[in-house]
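Taking it in order: structure first as C-alpha cells, then the write-up.
Residue numbers run from 1 in the order of the sequence given. Bear in mind that the values here come from a model prediction, so they are computed numbers and not experimental data. Order of appearance sets the numbers: ligands from 1, and atoms from 1 within every ligand.
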Amino acid sequence: MSQTATPARTRYVVMKFGGTSVAARKRWDNIATLVRARREEGLRVVIVVSALSGVTNALQSLVDAAQRGEDLADAAAALARRHEAFVGELGLASAPLITEWLSRFAHLVAAPRDGGRDLSWQAEMLALGELFSSSLGAHFLAEQGLDAEWLDAREFLRAEPVANASPWARWLSVNCRCRPDPAVQAALARRSPVLITQGFIAADDDGRTVILGRGGSDTSASYFGALVQAERVEIWTDVAGMFSANPRQVPAARLLKRLDYEEAQEIATTGAKVLHPRCLSPVRDAGVPLLVKDTNRPDLAGTVIAARDAAAGSPDSVKAISARTGIVLVSMETVGMYQQVGFLAEVFDVFRRHGLSVDLIGSAETNVTVSL
Ligand code: ASP
Ligand code: MG
C-alpha cells in the first residue's frame with residue numbers, strides 16, 4: 001500500500017536582534033550572513049528587530065518632555081538625523097519606508113494629543129523606533145540580494161483584552177494572542193521567504209497601535225514563533241547566553257547550555273536581563289525551542305531552552321543563583337496567626353489597597369515576611 005504524502009509544513013525560524021545588534025553596519029552584514037545560512041537550511045525566516053540602541057529611551061524622553069510642555073523640535077530633529085545618517089551608513093541610495101515614518105514622526109511630534117498624556121499617542125510615538133529599524137533592515141537586506149520583505153507586525157500580533165487591565169496596560173503593556181494559527185502560517189507563506197518585522201508593537205482589535213512593554217521585542221519573537229510553529233526562535237543578543245550567576249558579579253559563572261522552560265522562566269523573572277520575562281510562556285505552550293545566541297560570536301552554542309528531555313534523565317539540580325537589589329522587605333511579627341482564619345487574606349488586602357505587588361513570601365508560625 002502506498003502512503004499518502006502529507007504536504008510538508010512550511011518550516012520557519014524566527015530570529016530576533018536587539019538594539020545593539022542592529023545599530024551598526026557591520027552588525028547588519030552579520031545578520032545578512034546568518035539569514036543566508038538559515039535559507040540554506042531550507043527555512044523561511046522571520047526577523048524581529050528592536051529599535052536602534054537608545055532610540056526607545058529617546059522616544060520616551062520626548063513623550064516625557066511633551067507632558068512637561070517642552071518644545072520637542074531639537075530632540076526630534078536629532079533622532080530623525082540619526083536614522084537618516086544610518087541610511088547612508090548602510091550604503092542605501094534611498095529608503096522610501098524611512099521617509100514615510102519620518103513624516104509620521106514629524107506629524108506626531110507637532111501635535112502631542114492631550115499634552116502628551118494620551119496613551120494612544122504615546123504608543124504611536126514609542127512604536128516608531130521599531131518601524132524605523134525594521135524598514136532600514138528591509139531595504140538593506142533586499143539590497144544584499146536577499147528575497148526580503150518588510151512586514152507590519154500589527155497585521156499579525158493582536159492584543160488580547162485582559163479583564164480589569166489598567167488603561168496604561170491596555171496601551172503600553174499588552175499581551176497578544178499566540179496560539180499556533182494556520183491562517184497566519186498561510187498568510188506568511190504567500191509573502192517573501194525572508195520577512196523582517198518589528199518587535200515591541202502590536203495592534204488592538206480596532207487596529208490601533210499598542211506596545212508590549214519595555215524590552216518586549218523578545219516576546220514579539222516568541223509570539224511569532226508560536227503563531228507559525230517555528231522550528232526554533234533565536235534571540236540574538238550581546239551576551240553568550242544565560243549564566244549560572246551574573247558574570248559581572250561572579251567571574252566564575254558558567255554558561256547554561258540547556259534549560260527547560262520553567263527553569264529559564266525563573267531565571268528571567270528573578271534577575272537575568274537576558275530575556276523579557278513574558279517571552280517564555282508562548283514558546284513553551286507551542287513547544288517551540290528558544291535559543292539565546294551571541295551576535296558577536298555566532299559560533300558559540302549559546303543557551304537552548306526547550307522542554308525537559310525525560311529520556312535524557314538529567315538530574316534535578318540548582319541551575320542558577322540570581323540576586324536582586326532595591327528590594328523592600330516587610331516583616332510582620334504576630335502571635336495572632338495561630339489557628340486563625342483569614343489572617344493572610346487581611347494582610348494582603350492592605351497591600352492590594354495600596355496597589356503594591358508582593359513578590360516573594362516567607363512564613364513561619366509567628367512571622368510573615370514579604371518582599372516588594
Ligand atoms: N525597543 C524596546 C525597548 O527598548 C523593545 C525592545 O528592545 O525589546 O524597550
Ligand atoms: Mg532585551
Donor on one side chain, acceptor on other, [X] and [Y], under 3.5 Å:
| X | Y | value |
| --- | --- | --- |
| Asp218 | Ser220 | no |
| Glu160 | Asn175 | no |
| Arg154 | Thr197 | no |

Considering only Ile, Leu, Val, Met, Phe, Trp and Tyr, and joining two whenever side-chain heavy atoms are under 4.5 Å apart, list the other residues clustered with Leu360.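 Its cluster partners, ordered by chain and number, are none at all.
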What part of Glu130, side chain, backbone, both or neither, has a heavy atom within less than 4.0 angstrom of ligand 1?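 The side chain, only.
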Going through the distances and angles, do Arg11 and Glu231 end up as a salt bridge (charged side-chain N to carboxylate O under 4.0 Å, His left out)? CA-CA 6 Å; Arg11 294 164 62 233; Glu231 300 280 305; 3.5 Å; yes
Distance from [atom] to nearest protein heavy atom, with residue and atom:
| atom | result |
| --- | --- |
| atom 6 (C) of ligand 1 | Ser217 OG, 3.2 Å |
| atom 3 (C) of ligand 1 | Arg214 NE, 3.3 Å |
| atom 7 (O) of ligand 1 | Ser50 OG, 2.8 Å |

Give yes if a backbone or side-chain nitrogen or oxygen of Phe200 is under 3.5 Å from a nitrogen or oxygen of ligand 1, and no if not.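 There is no such contact.
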Judged by non-hydrogen atoms, does Gly129 sit under 4.0 Å from ligand 1?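 Checking ligand 1 against Gly129, which is what was asked, there is no heavy-atom contact under 4.0 Å.
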Does Gly216 have a non-hydrogen atom less than 4.0 Å from ligand 1?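 The answer is yes: ligand 1 sits under 4.0 Å from a heavy atom of Gly216.
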Mind checking what makes side-chain contact (heavy atoms from CB on, under 4.5 Å) contact with Ala37, not counting sequence neighbours?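 With neighbours one apart ignored, the set is empty.
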